[in-house]
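Here is the structure we will look at.
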Number of protein chains: 2
Amino acid sequence: MKADSISKILKDSALRITPQRIAVLEAILMLNNHPTADNIIQYIKNAYPNIAIGTVYKILDNFVSKGLVNKVKTDSDSMRYDAVTEKHHHLYCYESDRIEDYFNEELDQYLNNYFIKRKIYNFKIEDIKLQIIGKFSDNTNK
Amino acid sequence: MKADSISKILKDSALRITPQRIAVLEAILMLNNHPTADNIIQYIKNAYPNIAIGTVYKILDNFVSKGLVNKVKTDSDSMRYDAVTEKHHHLYCYESDRIEDYFNEELDQYLNNYFIKRKIYNFKIEDIKLQIIGKFSDNTNK
DNA sequence: ATAATTGCAAAAGCTTTGCATGGCC
DNA sequence: GGCCATGCAAAGCTTTTGCAATTAT
């Protein structure tokens, strides 16, 4: 992805355009396995040896609060980040650390309708995310 | 819950019965909002001022590996623990930190069947967990 | 008896914070 | 120019680790 299109994404989110922000966003988009902050920092360091860890965390928080990036919950210590903002679910592989996106509008529709008919007492649903746990049949890490 | 029944649970899981383990398991069962390790430690300290933090973490790991307790992923820093081992999902309230269990066998059946018909390429599903995000209508924290 | 568990304290992550410097608009 | 973002280093939290002492079986 070109720096131009990334700049545009930042501008559209009313974020000041800085080289660090471009680098972080590009890293998340390139590293497709839902990178940790550390993955991102390592990736950036090639082109950008002086970037500060704190800066990356601040940028990530920033992106999250603007809805540009989402946090992905995992069982392990560190938070992972996801630049795909369309509604989707996740496939978790318990063998590798791989997490893949899973899109299925048909199922989302079904679940929406299901919970309209079958309300949960005392709870107003805003979103439903599936954690689909299992194993990839190949062994690549993409 | 009586110490007797808790001892039985430990014995059934082939775990050595110690006062610390009884206290931890009792705490998880009593604190119903999916407690953090720290919640558990605070709870235990009343009756048991000298319990070591490291011990509680070791006990929790132990319980998790025996399947007595499950870890619950959240957006926040700390892991939470769940003593309910039957298949269930979670309601996450984004306002409070409340997490409630949600059981629905009918829906589980449907999802099982759905994914038998509609396989995910390259992925073998072992379990599906719903994260149902929203808001409780009351304001209690139970 | 012996093997596992505990307590303690230190250390190891990951993430946040404060503040002076520098850069974007 | 003014304000916001960055770099740096320190500190905060949660969790893990190692080891000697203690306890369960």
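The chains referred to below are lettered A, B, ... by the order of the sequence lines, with proteins before strands, and numbering in each begins at 1.
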* Asked: How many Å lie between CG on B:N62 and C1' on D:dT16, as a whole number?
  -> 14 Å

* Asked: Roughly how far, to the nearest 0.5 Å, is the CG atom of A:D108 from the CD1 atom of A:I128?
  -> 8.5 Å

Could you tabulate the donor-acceptor pairs under 3.5 Å formed by side-chain atoms of residues 50-71 of chain B, not counting sequence neighbours?
from, atom 1, to, atom 2, distance (Å)
B:S65, OG, B:D61, O, 3.4
B:S65, OG, B:N62, O, 3.0

* Structure fact -> Here the salt bridge (charged side-chain N to carboxylate O under 4.0 Å, His left out) pairs for residues 79-92 of chain A, sequence neighbours left out, are A:K87-A:D127

* Closest nucleotide of DNA chain C for A:Q20 versus for A:T55: which of these residues is on the 5' side? -> A:T55

* Bounds of contact between DNA chain C and chain B, in 5' to 3' order, using a heavy-atom cut-off under 4.0 Å -> C:dA3 to C:dC8

* Select base, sugar-phosphate, or nothing to describe what A:N50 touches, counting heavy atoms under 4.0 Å on all strands. => sugar-phosphate

* Under 3.5 Å side-chain donor-acceptor pair for B:D101 and B:H34 -> yes

* To do: Could you give me the CA-CA distance, side-chain angles and deciding distance for B:H90 and B:Y102, then say whether side chain to side chain contact (heavy atoms under 4.5 Å, CB included) is met?
  => CA-CA 5 Å; B:H90 287 127; B:Y102 176 71; over 6 Å; no

* Asked: Would you say a side-chain N or O of B:Y57 is under 4.0 Å from OP1 or OP2 of D:dT16?
  -> no

* **Distance, rounded to the nearest Å, where B:I41 contributes CD1 and D:dT15 contributes C1'** => 10 Å

* Between A:R21 and B:D38, just flag the one whose closest nucleotide in DNA chain D comes earlier from the 5' side. => A:R21

* For the pair made of CG in B:D61 and P in D:dT17, what is the distance, rounded to whole Å? -> 9 Å

* Answer with yes or no whether the side chains of A:Y114 and B:N104 bring together a donor and an acceptor at under 3.5 Å. => yes

* Can you list the residues that meet the salt bridge (charged side-chain N to carboxylate O under 4.0 Å, His left out) rule with A:E106, with sequence neighbours excluded? -> B:R118

Pairs under 3.5 angstrom, nitrogen or oxygen only, protein versus nucleotides 19-25 of chain D, please.
from, atom 1, to, atom 2, distance (Å)
D:dA24, O3', B:I17, O, 3.3
D:dA24, N3, B:R16, NH1, 3.4
D:dT25, OP1, B:I17, N, 3.0

* To do: Name the nucleic acid region contacted by A:S78, choosing base, sugar-phosphate or nothing; use a 4.0 angstrom heavy-atom cut-off, strictly under.
  => sugar-phosphate

* **Interatomic distance where CD1 belongs to A:I51 and P belongs to D:dA5 [whole Å]** => 14 Å

Result block: side-chain N/O donor-acceptor pairs under 3.5 angstrom for residues 10-22 of chain B, not counting sequence neighbours:
from, atom 1, to, atom 2, distance (Å)
B:D12, OD2, B:K8, NZ, 2.9
B:S13, OG, B:I9, O, 3.4
B:T18, OG1, B:R21, N, 3.1
B:Q20, NE2, B:Y48, OH, 3.4
B:R21, NH1, B:R16, O, 2.9

* To do: Give a yes/no verdict on a cation-pi contact between A:R98 and A:Y92, requiring under 6.0 Å between NZ or CZ and the six-membered ring centre and an angle within 45° of the axis.
  => no

